[in-house]
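Below is one structure; the comments refer to it alone.
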Amino acid sequence: MIMRMTTRIAVAGCTGYAGGEILRLLSVRDNIEIGALTAKSSAGSRLGEHQPHLSSLAEKVVADTTVENLAGHDVVFLALPHGASAEVAAQLDADVLVVDAGADFRLSSADDWQQFYGTPHAGTWPYGLPELPGQRAVLAGTKRIAVPGCFPTTVTLALAPAIVAGHTDAHDTVVVAPTGPSGAGKALKPHLLGAELMGSASAYGVGGGHRHTPEMLQNFRLLGADNPTLSFTPVLVPMSRGILATVTAPLCGSASAGDVRAAYADFYADEPFVHLLPQGQWPMTQSVLGSNHVQVQVTVDEAAGRIVAVAALDNLTKGTAGGAVQSMNIALGLPETRGLTAWGVAP
């Protein structure tokens, strides 16, 4: 007889978009037991009131987010507001795998954290982007994982092969990235109301103020860029999910478009969730909807002397929950792709 171990999982922040997406990915898996589901203001309600699409979990009662309620699990996902995870994580046992979908442990620089978040830096955990060189070895067996931000995941995967191959130094990198409102969470904000959002596009976090900026620069340095700089402009557009990032950076040396494309093909040849599209085909957010898939395309603008890379992903799946589950699988010694798909939903 084959003995099958069950992994018991808790999700703090289960009523939000990230928590709901984590549960969507986990609830259909064998050998996973969904334990405590917690939140603050929603404690005492049924999960189905907040996540009606999760029918198998609809009758579970949401508990308060306390250490007592999160204890006794093998894995705890923290899908909490930025700055809220550190206090909870500090009280969880060291042998519990804690996966933080917030920003609390992403940055290595305390100065960057203080500048962009304005609170004391809680520390740095292993970074949950397996596609970074050597990162799977870092994640294997770890008990703490910091899930990347959705924009850093998109932008890093768009430019990583060019940096590693030496085709760009990432100095004077420019990013424009349309995204949907789900990345801002469920909190009510006037500019996210349907009447304000439909039929409109608007830039925000302009001029270096977006909190994901230092994380992207941190990743560029990890990939080998000595002195990267970044101008990042996110754009809010009327779609529920998705990010389409256009990333341009100066071309170093005399590499042709073919040389750059070959570097991307080699870098992503064995990646299960990153796909370099055929020449002439460009990424679309619709194609990655609901999947852990990242579409990438690259070319060279010879007149401008710049690499142009475009990447698309679902900000709630690969950009948050899918990346979290992918990293959890690695940490637990499970097949990396378990419970995840590279197939989007169309039309």
- Task: Say whether Leu80 and Val75 are linked into one hydrophobic cluster, either directly or through other cluster members, by side-chain heavy-atom distances under 4.5 angstrom.
- Result: no
- Message: Would you compute the distance between atom CD1 of Ile330 and atom CG of Leu139 and round it to the nearest 0.5 angstrom?
- Response: 5.5 Å
- Message: What I'd like to find out is whether the side chain of Thr213 reaches to under 4.5 Å of the side chain of Phe151, using heavy atoms alone.
- Response: no
- Would you tell me whether Thr142 and Trp125 have side-chain atoms, one donor and one acceptor, within less than 3.5 Å of each other? no
- Step-by-step side chain to side chain contact (heavy atoms under 4.5 Å, CB included) determination, Ile22 to Leu26: CA-CA 6 Å; Ile22 290 167; Leu26 293 177; 3.7 Å; yes
- Rounded distance [0.5 Å steps], CG in Asp169 versus CZ in Phe220: 11.0 Å
- Message: So for atom CD, which belongs to Glu87, do other residues, nucleotides or ligands contribute more than 12 heavy atoms lying within a distance under 6.0 Å?
- Response: no
- Task: Please round to the nearest 0.5 Å and tell me the distance separating atom OG of Ser327 and atom CD1 of Ile145.
- Result: 5.0 Å
- Message: Between Gln51 and Cys14, is there a side-chain heavy-atom distance shorter than 4.5 Å?
- Response: no
- Is a donor on one side and an acceptor on the other found under 3.5 Å between the side chain of Asp104 and the backbone of Gly83? yes
- Lys/Arg N to Asp/Glu carboxylate O, Glu271 vs Arg136, below 4.0 Å: yes
- Item | Leu78 vs Val88 side-chain heavy atoms within contact, under 4.5 Å | yes
- Distance-only side-chain donor-acceptor flag, Arg261 / Gln297, under 3.5 Å: yes
- Item | Shortest non-hydrogen contact between Tyr127 and Pro152, atoms and distance | OH-CB, 4.0 Å
- Task: Report the C-alpha distance between Phe77 and Met328 in whole Å, list the side-chain angles of each, state the deciding distance to 0.1 Å, and finish with yes or no for side chain to side chain contact (heavy atoms under 4.5 Å, CB included).
- Result: CA-CA 10 Å; Phe77 286 91; Met328 178 202 74; 3.6 Å; yes
- Message: Counting the benzene-type ring for Trp, do Tyr268 and His275 have ring centres under 6.0 Å apart?
- Response: no
- Item | Side-chain donor or acceptor of His171 paired with backbone N/O of Asn227 under 3.5 Å | yes
- Give the cluster check for Leu316 versus Leu23: same hydrophobic cluster or not, with ILVMFWY residues linked at side-chain heavy-atom distances below 4.5 Å. no
- Steps toward salt bridge (Lys or Arg N to Asp or Glu O under 4.0 Å) verdict (Arg241, Asp314): CA-CA 6 Å; Arg241 297 167 173 247; Asp314 185 322; 2.9 Å; yes
- Taking every heavy atom of Gln326 against every heavy atom of Pro130, the minimum-distance pair comes out as NE2-CG, 3.7 Å
- Item | Single-linkage hydrophobic cluster, 4.5 Å side-chain cutoff, Val294 and Val260 together | yes
- Query: Nearest 0.5 Å, what's the NE2-CG distance between His167 and Asp259?
  - Reply: 6.0 Å
- Below 4.0 angstrom, N of the basic side chain to O of the carboxylate: do Arg306 and Asp172 qualify? yes
- Could you state whether Val308 and Ile243 fall into the same hydrophobic cluster, counting links through intermediate Ile, Leu, Val, Met, Phe, Trp or Tyr residues with side-chain heavy atoms under 4.5 angstrom apart? no
- Begin from the C-alpha positions of Lys318 and Glu21 and carry the test salt bridge (Lys or Arg N to Asp or Glu O under 4.0 Å) through to its verdict. CA-CA 10 Å; Lys318 177 56 174 171; Glu21 188 75 350; over 6 Å; no
- How long is the span from the CG atom in Leu223 to the OG1 atom in Thr156, to the nearest 0.5 Å? 7.0 Å
- Which word best sums up how the rings of His212 and His210 line up, parallel for under 30°, tilted for 30 to 60°, or perpendicular for over 60°? perpendicular
- Message: How long is the straight-line distance from CG of Leu157 back to CG of Leu129, given to the nearest 0.5 Å?
- Response: 5.0 Å
- Query: Of the non-hydrogen atoms in Pro181 and Val237, which two are nearest, and what is the gap between them?
  - Reply: CD-O, 3.8 Å
- Message: Any side-chain to backbone donor/acceptor pair from His73 onto Ala71? Under 3.5 Å, distance only.
- Response: yes
- Query: Side-chain contact, heavy-atom cut-off 4.5 Å: Thr317 with Arg24?
  - Reply: yes
- Message: Between Leu159 and Thr168, is there a side-chain heavy-atom distance shorter than 4.5 Å?
- Response: yes
- Main-chain N/O of Val96 paired with Asp93 side-chain donor or acceptor, under 3.5 Å: no
- Check whether any side-chain N or O of His50 sits under 3.5 Å from a backbone N or O of Thr15 as a donor-acceptor pair, and report yes or no. no
- Please confirm whether the backbone N or O of Leu107 pairs with a side-chain atom of Thr124, one donor and one acceptor, at under 3.5 Å? yes
- Arg46 and Val62, any side-chain heavy atoms less than 4.5 Å apart: no
- Message: Can you tell me if Trp343 has over 12 outside heavy atoms packed within less than 6.0 Å of its CH2?
- Response: no
- Task: For the pair Thr38 and Leu70, evaluate side chain to side chain contact (heavy atoms under 4.5 Å, CB included) and give the outcome as yes or no after the intermediate values.
- Result: CA-CA 8 Å; Thr38 77; Leu70 296 174; 3.8 Å; yes
- Message: Taking Leu97 as the starting point, is it possible to reach Leu37 by hopping between hydrophobic residues whose side chains are less than 4.5 Å apart?
- Response: yes
- Item | Shortest non-hydrogen contact from Trp282 toward Leu277 | C-CD1, 3.6 Å
- Query: Just by modelled atom types, is the Ala170 backbone N or O under 3.5 Å from a matching donor or acceptor in the Thr173 side chain?
  - Reply: yes
- Distance-only, no hydrogens or angles: does the Thr154 side chain make a donor-acceptor pair with backbone N or O of Cys150 under 3.5 Å? yes
- Query: Does Thr6 reach the main-chain N or O of Ile32 with its side chain, forming a donor-acceptor pair under 3.5 Å?
  - Reply: no
- Residues Lys143 and Asp95 bridged, charged N to O under 4.0 Å: no
- Query: Looking only at heavy atoms, what is the nearest atom pair of Ser182 and Asn315, with distance?
  - Reply: OG-ND2, 3.0 Å
- Derivation and outcome, side chain to side chain contact (heavy atoms under 4.5 Å, CB included), residues Thr7 and Asn31: CA-CA 6 Å; Thr7 302; Asn31 305 328; 5.9 Å; no
- Query: Can you name the closest pair of heavy atoms from Ser56 and Ser27 and give their distance?
  - Reply: OG-CB, 4.3 Å
- Message: When you measure from the side chain of Gln218 to the backbone of Ser108, do you find a donor-acceptor pair of N or O atoms at a distance under 3.5 Å?
- Response: yes
- Item | Side-chain heavy-atom pair Ile9, Asp74 within 4.5 angstrom cut-off | no
- Message: Do Asp301 and Thr248 have side chains that approach each other closer than 4.5 Å (heavy atoms only, starting at C-beta)?
- Response: no
